[in-house]
Amino acid sequence: VHSNRREKMKCLFLCTLICISLVSQVVSEERTVRYKIYEEVRPPTVIGTLASNVTWTPDKTRRTFPGIRFKLMSPSTGSFIRFRESDGRLTVEERVDRERICKRNPRCVITFDVAFVSAEQFELFHVEVEVLDVNDNSPVFPRTDCTVEISESAALGTRVALDAAEDADVGSNSIQTYHLSENAHFSVDVITRVDGVKYADLVLVKELDRESRAFFALKLVAADGGNPAKSGATNVTVKVKDANDNSPLFDHSHYSVDVPEDTPVDSLLLDLNAVDPDEGLNGKVMYEFGKQVTTKIRQLFKLDYKTGHLTLQNPVDYEDETTYEIDVQASDLGHNPVPSMCKIIINIRDVNDNPPEIIITSITSVTDGVAHVSEATGPDILVALISIKDKDTGANGQVSCTLNGGHGNFRLKRAYEGSYTIATMAPLDREKIAEYNLTVVAEDFGVPPLRMVTHYIIRLTDVNDNAPTFSAKIYEGFIEENQLPGTYITTILASDQDSGLNGEITYELFDSDTNSVSRFAIMNQAGNVYALQSFNYEVTKRLDLRVQASDRGWPQLHNNAVLIINLGDQNDNAPSISQPPLVNGSAEIQLPKDAPPGYIVTRIVAKDSDAGLNAELTYKLYDGGDFGFAIDPNTGEIYINRKIAYDEYDLWKVLATVNDNGHPSLTSTATIHFTLTESAPSNGNFYDEREDGEPKQWTLILILALTSSSLLFLAILSFILCKSRKNGQKRQGYSTLPGYGKDNARPITVWKGNSMMTIAVRDPQISGKDSGKGDSDANDSDSDISEGLKKDYTSYKGLWACTSECRILGHSDRCWSPSVSVNSRHLSTFSRTRPSSQATLQRSSYDTQTNRSVALHSLTEDQQSQYDYIHICSPQSQRRQDSENIVFTHSTKPIATESPGRFTEA
């Protein structure tokens, strides 16, 4: 900051040289940098350099730094200031005219914001450039000649308004004094209006006499306070009129009116009233604006010359002008009128008629209204500057600002009065939130409050922070051998959450063993894997490759996965015969003379390099089998299968083939020449007596396993049936009878007592339910069958095999399971079975060696020595038909006989 002495020296220098020079002051207060320049400086005058005000500088000797720049945040600094981003230097671009920029404002300040941005930090500067006034304008009167009238009878001190001069300069360079040419009757009185403008009134200081002097020619000079001072003049002609007895008088000489700025046009502001006691035309009053009233005031306000009504002619704006001073004079219509003056002060009152203005300046690049911010931006980094302006004053001009839609990643920080910054709060991640639609709300404190809402869109630019990812770590592909190069194998795709080049993926294949680019397969950018060569399954059965996915960002990121390529075998190898050794496809084998059938002459051993079915071999004799030779298809052993007439031939020729099971099958042949020899055949080299080969051993094992499984299954089934029968004895009720279903039951023959009867399984006349009186016993009524014996049982074709008492009383449970002794022979009876649709009861047959009459006795006799034997069989007509299908169903309790016997088919 320059001292006052230096400031004075600068002013003295200006006065001496009568020129304009530059005075610059820099004051830094909380990031606010202030500069002062005088108007009319010539370009390219340097105003200042912001780099000198940065709190951190990498190199104090330099003013421009790589990666560091200053960014102008305000929309405009005025056309006369040029800003350089490299070091923040401000220079004058064109001639500065303060009067054009700020008009008559006492203080002319240009404000704007500049951000200092580097890789490590940022700093925000609020720059104020004050344009100082120089005395480059002279006072100017609206007219070069001015005529006023005054009555010869005017009293001393009478005032007459004169034209006011105007000076575009402000402060001391504006009009300071008025001078009137020398005369004995008039002087001037300098008056300052409420807006600071000075004007002069003509004041009568000596009585007038029209007969001695009818007019005065005067000169009025207005001078400013500049150094050197400038002035302007106008000619004033004063005419002396005859006396008029009375002048109009206003109710008040001064009026003050408060006008809200939203007052409608044509509203009445003031009703002036001036009274003249004269009669006739001398008493009629006319109102008009004084000579000092400017053109602007005449455009805003209207005065009715007859009624004195002051009305609003055009809207007023508090933000444009706060106070207006109006001179109104009233004069009568008589001869030589003497006007009266009054002064009106109009105060414009502010109302909340201006909503806040929001200006958002992004520190980053902007495209189509969208700001682009890197997702790598850390916390507390400046993103944008918000300037809030409200033309209103007081509470109407006080504004609060809020930010919405930041999702906790952006916040609003107050920079200084009327300015806010949008800064980051947390690390950004484009893959989570790619775009932010921020809402800036500015609201003033007026009544009612006015609000402005502005949207600010931030789109995050991608950085390469995500490596490609595979859906799995290990992939498998398949290709058959002998395929042509370029054959498709499989597809592997990786994904990358980044965008643009950062998300574009390229693939490479590497051999796992050498970690070099694969010699076997190649991969295109679509993730398709193709073979580079033809493969041989017998050489390589599996390939282990490493797939590397890389993006195209910077720095480049990679990820790896494993690709296992399994090769499929093709039947491309014929069996190779190793035994016996072949010479030109044939071998000579000695055959012992008189070798019996079953003697193994030789064995053909072959191998196949293929795998699976392609390597399974089958041996056959293509020619020579009619000589008595045979070959085992599995082992390849050639043996004698019948007696050979050795005396007929000395040499036998056999053609053996070895086939694999591939598709198509490949075959190898061997020609075996058998020559007789006198040696005796080996005793252990016989086909039937040799040790079981591996296939027969496996067959035996399989048979044993199946037999064991079957026996185990039967044992489990028997155990379940026994448990079921034991549980059935404990329950009361009768068993569901075979054939007790929907279909008609087949008749059966029952031996009862001493006779045979044929009954149906189901008869509607006989109930299948218990009598309800408990189990039958020898002493109860259920056991009494005396009555039943008298009945003709043969008439009941649907009776079951039971006692008469059972039949009469409803088939008690004991009818089906009579008590027996422990040592007894079993007799077939009915067990509890599920009803079947066919419901066929097959007959059982036993051969008996004793007479039926000896073995069967009535149940009414002593049960310890006599038993009731029930023989169930088919009718005679169905005997032969069912003789081959005999099924026995054993009851839980056997029925015993007193003497050995054998049942025969009835």
Pair Arg430 + Asp462, salt bridge at N-O below 4.0 Å: yes
All side chain to side chain donor-acceptor pair (under 3.5 Å) counterparts of Thr393, not counting sequence neighbours: Asp350
Lys296, NZ atom: more than 12 neighbouring heavy atoms under 6.0 Å: yes
Under 3.5 Å donor-acceptor, Thr454 side chain and Val440 backbone: no
Whether Glu375 side chain and Leu460 backbone form a donor-acceptor pair below 3.5 Å: no
N/O donor-acceptor pair under 3.5 Å between Asn524 side chain and Gly527 backbone: yes
Donor-acceptor under 3.5 Å (Asn559 side chain, Pro468 main chain): yes
Any donor-acceptor N/O pair, Asn464 side chain to Asp498 backbone, under 3.5 Å: no
Counterpart residues, salt bridge (Lys or Arg N to Asp or Glu O under 4.0 Å), relative to Asp511 (two or more places apart): Arg519
Set of side chain to side chain donor-acceptor pair (under 3.5 Å) partners for Asp169, sequence neighbours left out: Asn137
Heavy-atom check, side chain of Tyr475 versus side chain of Val529, under 4.5 Å: no
Main-chain N/O of Gly378 paired with Thr424 side-chain donor or acceptor, under 3.5 Å: yes
Donor-acceptor contact present, side-chain Thr49 to main-chain Ala51, <3.5 Å: no
Pairs flagged by salt bridge (charged side-chain N to carboxylate O under 4.0 Å, His left out) wherever residues 405-428 is involved - sequence neighbours left out: Asp380-Arg411, Arg414-Glu417
With Arg89 via salt bridge (Lys or Arg N to Asp or Glu O under 4.0 Å) - residues at least two apart: none
Asp551 and Gln556, any side-chain heavy atoms less than 4.5 Å apart: yes
Side chain to side chain donor-acceptor pair (under 3.5 Å) partners of Ser495, counting only residues at least two apart: Thr469
Crowding at CD, Glu166 (>12 non-hydrogen neighbours, <6.0 Å): no
Validation row: Leu509, Tyr507 side chains within 4.5 angstrom (heavy atoms): no
Close side-chain approach of Cys108 and Asp133, heavy atoms under 4.5 Å: no
Gln299: side chain to side chain donor-acceptor pair (under 3.5 Å) partners, not counting sequence neighbours: none
Pairs flagged by ring-ring contact (aromatic ring centres under 6.0 Å, His included) wherever residues 357-406 is involved - sequence neighbours left out: none
Over 12 foreign heavy atoms within 6.0 Å of NZ, Lys541: yes
Heavy-atom donor-acceptor pair, Thr421 side chain to Ala423 backbone, under 3.5 Å: no
Test item: Glu261 side-chain N/O and Val351 main-chain N/O as donor-acceptor pair under 3.5 Å: yes
Residues Lys389, Glu357: salt bridge by 4.0 Å N-O rule: no
Side chains of Pro315 and Val265 in contact at under 4.5 Å (non-hydrogen atoms): yes
Salt-bridge contact Glu40-Arg95 (side-chain N to carboxylate O under 4.0 Å): yes
Approximate separation, where rounding is to 0.5 Å, of Ile47 CD1 and Leu50 CG: 10.5 Å
Side-chain heavy-atom pair Phe112, Leu90 within 4.5 angstrom cut-off: yes
Nearest heavy-atom neighbours spanning Pro427 and Asn409: O-OD1, 4.2 Å
Test log, rule side-chain hydrogen bond (donor to acceptor under 3.5 Å, both in side chains), inputs Asp392 and Asn354: CA-CA 6 Å; Asp392 297 322; Asn354 293 285; 2.8 Å; yes
Note, Ile37 side chain near Thr45 side chain (heavy atom, < 4.5 Å): no
Non-neighbouring partners of Cys401 that pass disulfide bond (SG atoms under 2.5 Å apart), sequence neighbours left out: none
Results of salt bridge (Lys or Arg N to Asp or Glu O under 4.0 Å) for Glu94 - residues two or more places apart only: Arg100
pair Leu543-Phe535: side-chain heavy atoms closer than 4.5 Å: yes
Test item: Asp429 side-chain N/O and Glu431 main-chain N/O as donor-acceptor pair under 3.5 Å: yes
Ring geometry between Phe70 and Phe83 (parallel below 30°, tilted from 30 to 60°, perpendicular above 60°): perpendicular
Contact list for residues 424-471, test ring-ring contact (aromatic ring centres under 6.0 Å, His included), sequence neighbours left out: His407-Tyr436, Phe410-Tyr436
Contacts of Glu128 that satisfy salt bridge (Lys or Arg N to Asp or Glu O under 4.0 Å) - sequence neighbours left out: Arg34
From Ile360 atom CD1 to Ile386 atom CD1, the distance as rounded to the nearest 0.5 Å: 5.0 Å
